[in-house]
Amino acid sequence: MPRDSVENLSEDALLMRYAAGDRRAAALLTERCLPRVFRHARRLLGDAAAAEDVAQEAMIRLWKIAPDWRSGEAQVGTWLYRVTANLCTDMLRKRRMVGIDVIAQMPDPGPDATEHLQSTARQDALQTALNALPDRQREAVVLRHIEGLGNPEIAEIMDLSTRAVESLTARGRRALQHLLAAQKEALGYTDDG
Amino acid sequence: MTDKRKITDQALDDLFADASHQTQVPKTLSARVLEDAERLQPVRRKSQHRKSTGFFEMLGGWQGLGGLVAAGCTGLWIGVSPPAAVPDPAAWLGASDVESAQTEAVYETAFGWDLEEG
């Protein structure tokens with residue numbers, strides 16, 4: 001199959017091709033799915049190193065389920081978000097059990113920290129505020145506002161009703177706005193913003 | 001009138017927009033994920049298995065290979081040092097040469113050729 005044709009395949013179809021031995025399918029799936037999985041894990045955990053471990057494990061589970069994947073029953077992206085969230089929940093639970101202060105590990109500056117100080121400071125503040133939200137609220141907010149998913153898909157990922165998702169995201173937004181207000185001036189926001 | 005106890009919707013949406021673009025996947029992570037994918041790929045794993053064991057299975061596995069080795073050794077032993085009960089293959093070869101020479105002589109004299117002259 002020509003390369004262009006493979007690139008246009010859905011994630012579902014790519015996973016089937018991976019199971020059939022197509023190595024290009026693995027590369028394309030990694031290219032498409034890994035950024036979302038890593039970003040999601042990082043926002044839920046607030047820790048890039050732990051997010052790497054979770055993202056790798058989530059992808060391992062995808063490779064392992066490939067031979068048994070039932071095409072059309074679930075979206076690969078939805079399935080991955082769910083697996084990632086579950087892995088993050090487990091990791092957060094373990095951290096709480098051993099008493100690690102997650103917020104104390106922040107901020108986690110990215111590679112461009114020196115060039116984009118204010119942008120980085122704002123992102124760190126956002127992450128710190130996200131970390132302060134209850135787990136389910138944080139997950140709903142990240143899926144809705146950072147990953148840009150629709151409420152029905154979030155409902156499927158989180159196994160909730162659409163109305164419950166709307167409620168979670170609305171409460172999460174309000175909480176974030178209040179949490180970030182404390183650093184308004186430090187982050188360069190005026191009273192109008 | 002703005003609420004000073006919170007940031008605006010627009011400011012929050014801008015933060016979210018930045019967040020959705022900022023996180024880059026470390027290259028080492030991509031490499032690890034691709035290694036996992038290769039290691040766990042089902043058909044590839046099976047085909048590697050087949051490659052290494054295909055010829056072996058064609059021979060009939062351990063039993064087949066054992067039989068083949070036993071037959072080979074027995075053949076070699078009979079050839080080098082035949083037991084008394086088994087006719088000597090070398091003798092068969094010699095007998096065959098004598099018989100062949102006799103047959104040739106009969107054939108030639110049948111045409112009236114003089115063997116001593118030829």
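- Among pairs with a residue in residues 51-73 of chain A, those fulfilling ring-ring contact (aromatic ring centres under 6.0 Å, His included) read A/Tyr18-A/Trp63, A/Trp69-A/Trp79, at least two apart in sequence or across chains.
- In this structure, the separation between OG1 on A/Thr30 and CG on B/Leu29 is 9.5 Å, given to the nearest 0.5 Å.
- Linking ILVMFWY residues whenever their side-chain heavy atoms come closer than 4.5 Å, directly or via other members, leaves A/Leu92 and A/Tyr81 in distinct clusters.
- A/Asp22 and B/Gln41 share no donor-acceptor pair across their side chains, judged by distance under 3.5 Å alone.
- Both A/Leu87 and B/Val25 are members of a single hydrophobic cluster when ILVMFWY side chains are connected at heavy-atom separations under 4.5 Å.
- Heavy atoms of A/Val142 lying under 4.5 Å from chain B are absent altogether.
- Of the two parts of A/Arg36, neither the backbone nor the side chain holds a non-hydrogen atom closer than 4.5 Å to a non-hydrogen atom of chain B.
- Here the straight-line distance linking atom CG of B/Asp9 with atom CD of A/Gln177 works out to 4.5 Å at 0.5 Å rounding.
- Contacts of A/Ala66 with chain B are absent, with no heavy-atom separation under 4.5 Å from either backbone or side chain.
- With chain B as the partner, the residue from A/Arg39, A/Met59, A/Lys64 showing the most heavy-atom pairs under 4.5 Å is A/Arg39.
- Shown here are the ring pair (Phe, Tyr, Trp, His ring centres under 6.0 Å) partners of A/Phe38, two or more places apart in sequence or in another chain: there are none.
- From A/Arg122, atom CZ reaches atom CD1 of B/Ile7 across 9.0 Å, with rounding to the nearest 0.5 Å.
- Taken together through direct or relayed side-chain contacts under 4.5 Å among Ile, Leu, Val, Met, Phe, Trp and Tyr, B/Phe16 and A/Leu168 form parts of separate hydrophobic clusters.
- The number of heavy atoms from other shown groups lying within 6.0 Å of CD (A/Glu57) is above 12.
- The structure places CG of B/Leu12 at 12.5 Å from CZ of A/Arg174, a figure rounded to the nearest 0.5 Å.
- Minimum heavy-atom separation, B/Asp13 to A/Arg173: OD1-NH1, 2.8 Å.
- A donor-acceptor pair is defined here as one N or O able to donate and one able to accept, closer than 3.5 Å; no such pair exists between the side chain of A/Gln56 and the backbone of B/Val33.
- With a threshold of 4.5 angstrom between heavy atoms, A/Leu126 approaches chain B through side-chain atoms but not through N, CA, C or O.
- Neither the backbone nor the side chain of B/Asp14 comes within contact range of chain A; no heavy atom of the residue lies under 4.5 Å from a heavy atom of that chain.
- The heavy-atom pair separating A/Ala19 from B/Pro42 by the smallest distance is O-CG, 4.0 Å.
- One hydrophobic cluster holds both A/Leu80 and A/Leu28 under the rule that ILVMFWY side chains link at heavy-atom gaps under 4.5 Å.
- Residues A/Glu52 and B/Thr28 are in side-chain contact: their nearest non-hydrogen atoms beyond the backbone lie under 4.5 Å apart.
- Using modelled atom types, one side-chain atom of A/Gln123 and one backbone atom of B/Leu15 make a donor-acceptor pair closer than 3.5 Å.
- Shown here for A/Ile146 and B/Ser20, the closest heavy-atom pair between the two residues is O-CB, 3.1 Å.
- Linking Ile, Leu, Val, Met, Phe, Trp and Tyr whenever their side-chain heavy atoms come within less than 4.5 Å leaves A/Ile60 and B/Leu34 in two separate clusters.
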